[in-house]
Amino acid sequence: MTGTAAAVLVALCPLLLAGGFLVGRRTAHPRGHSDVGSPVEHATFETLHTASLAAPPLRAGLTEDTARKSARRLRSLLGTDALCVTNRSTVLAWDGTGEQHGRQVMERLAGLLETGRSTAFDCGCGDTDCSLRWGVAAPIVVDQRVVGALVAYATRDFAVLARATDEVARWASVQLELAELNRSRTRLIEAEIKALRAQISPHFIFNSLAAIASFVRTDPERARELLLEFADFTRYSFRRHGEFTTLADELHSIDQYLALVRARFGERLSVTLQIAPEVLPVSLPFLCLQPLVENAVKHGLEGVVTRSSITISAKDAGAEAEVVIEDDGVGMAPERLRRILRGEGDPTSGIGLSNVDERLRQVFGDDYGLVIDTAVGAGMRITVRIPKYRAGVHSSPPGRDA
């Protein structure tokens, strides 16, 4: 079972258990005729549908806004007269009647927030117009820390209400755990991009500036053009907006990089581009291809006196775009390559290979890691497959970089 499937199963199990409470109430008091099977099947469908509407806000974390958006759905899951969602210090959202009870709820939750144990209490309401007489509170737990509570209110003590509230609170906790995992994943990707930027060879920057300087007197216009290419390349590489880009933008940055390389090596470097226009809008992780091209330059050209060639192709492959970067350089032993991809080799041996491979797998799944063909003296061929569409993967419009 994959990690994603396991997470979905974990998320649904407590919800289906809590759904039994709702099914019982709604089959005992059906709201009307339905075309969706039996009353039990209809109640189950309604429970899952309501849960699907409550989940997205919670996936954004526990805030006043997300609590307000999810509270009505969570109350519908439990079928109670009122429900409130809190963090450790205040009521974030109240849905239903008797909102005045929210003023005392944090006092009643002091023990729960300390111990993580559910509690039930008599509301002690003296208002004859208020129907709320009983409350049940269950902890919301993220990473083994109590971050808040789910409190359900009813007209009387339902024995099953305590269990149902526990299960719905546990389901909400799973959604918040997933939100935290998403934030951790984002932080990890940002850290990996920073590490990749740090790997952009200082020698390349020094050599590029030296090459530009060599044209200042002999060909000032060429020096100006190269300086603009260098500025655009570094601006793109160190941009701060978005973790994804388009294939068109990545290839444009690569073209600028290669212009600087050709300024240094001249006719020793031959570059062939074969790009299908229909794949240019495809989104992919930022700085995903440029390190592979830099790797091809390093191992295909540097230290080699003779002429070297690099071929970059991007073609339509049905539901995917296929990018191939190939050089005729020195190559490397397959075992050495495997060590690099495991992160065990010298980072200068394969510029960014393990970083790019890991990010592709994180974003698209293990089926989308780098496919590399190489041998000593046989050059290297790197194939990257990119789904044309993947939920959550889209490039951000360019913004101002601070």
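Counting from 1, the numbers follow the sequence of the chain as shown.
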Quick check: do L360 and V384 have side-chain heavy atoms less than 4.5 Å from each other?
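The answer is yes, as the side chains (C-beta and beyond) meet within the 4.5 Å cut-off.
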Below 4.5 Å, heavy atoms only, C-beta onward: do V323 and I382 meet side chain to side chain?
no
Electrostatic pair [X]:[Y] at N-O distance under 4.0 angstrom:
X    : Y    : answer
D65  : R68  : yes
E167 : R170 : yes
K298 : E294 : no
R222 : E225 : no

side-chain contact (heavy atoms from CB on, under 4.5 Å) evaluation trace for E278 with L280:
CA-CA 6 Å; E278 58 267 28; L280 292 177; over 6 Å; no
Any donor-acceptor pair under 3.5 Å from [X] side chain to [Y] backbone:
X    : Y    : value
E177 : D143 : yes
D122 : W134 : no
T66  : G61  : yes

Quick one about D81 and T97 (side-chain donor to acceptor, distance below 3.5 Å, no hydrogens or angles considered), yes or no?
no
Just checking, any donor-acceptor pair under 3.5 angstrom between side chains of S308 and D327?
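Checked: S308/D327 side chains show no N/O donor-acceptor pair below 3.5 Å.
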[X], [atom1]: over 12 other non-hydrogen atoms inside 6.0 angstrom:
X    : atom1 : result
E335 : CD    : yes
R361 : CZ    : yes
R72  : CZ    : no

Out of [options], which one pairs with [X] under the side-chain contact (heavy atoms from CB on, under 4.5 Å) rule?
X    : options          : value
R381 : D373, I325, T311 : D373
S173 : I140, V168, L62  : I140
F244 : D249, L284, V363 : V363

Return the minimal non-hydrogen interatomic distance between [X] and [Y], and the atom names on each side.
X    : Y    : result
Y153 : T80  : O-CB, 3.3 Å
Q290 : E250 : N-OE2, 3.3 Å
P139 : D166 : CD-OD1, 4.4 Å
D232 : Q256 : CB-NE2, 3.0 Å
A169 : A138 : CB-CB, 3.6 Å
L74  : W171 : CD2-CZ3, 3.6 Å

For side-chain contact (heavy atoms from CB on, under 4.5 Å), just list the numbers for C84 and V105, CA-CA rounded to whole Å, side-chain angles, deciding distance to a tenth of an Å, and then say yes or no.
CA-CA 9 Å; C84 83; V105 69; 4.1 Å; yes
For residues 84-95, which residue pairs pass the side-chain hydrogen bond (donor to acceptor under 3.5 Å, both in side chains) check, not counting sequence neighbours?
R75-D95, N87-S89
Does anything in residues 311-324 pair up under salt bridge (Lys or Arg N to Asp or Glu O under 4.0 Å), and if so which pairs, sequence neighbours excluded?
K315-E322, D316-K388, E320-R385
Spacing of [atom1] belonging to [X] relative to [atom2] belonging to [Y], to within rounding of 0.5 Å:
X    : Y    : atom1 : atom2 : result
R262 : S270 : CZ    : OG    : 9.0 Å
T374 : E326 : OG1   : CD    : 10.5 Å
L112 : M106 : CG    : CE    : 9.5 Å
R264 : S208 : CZ    : OG    : 8.5 Å
I254 : L289 : CD1   : CG    : 5.0 Å
E358 : L353 : CD    : CG    : 13.0 Å

Step-by-step side-chain contact (heavy atoms from CB on, under 4.5 Å) determination, V282 to T246
CA-CA 6 Å; V282 172; T246 63; over 6 Å; no
Mind running side-chain contact (heavy atoms from CB on, under 4.5 Å) on T245 and L287 for me, showing each step along the way?
CA-CA 8 Å; T245 187; L287 278 185; over 6 Å; no
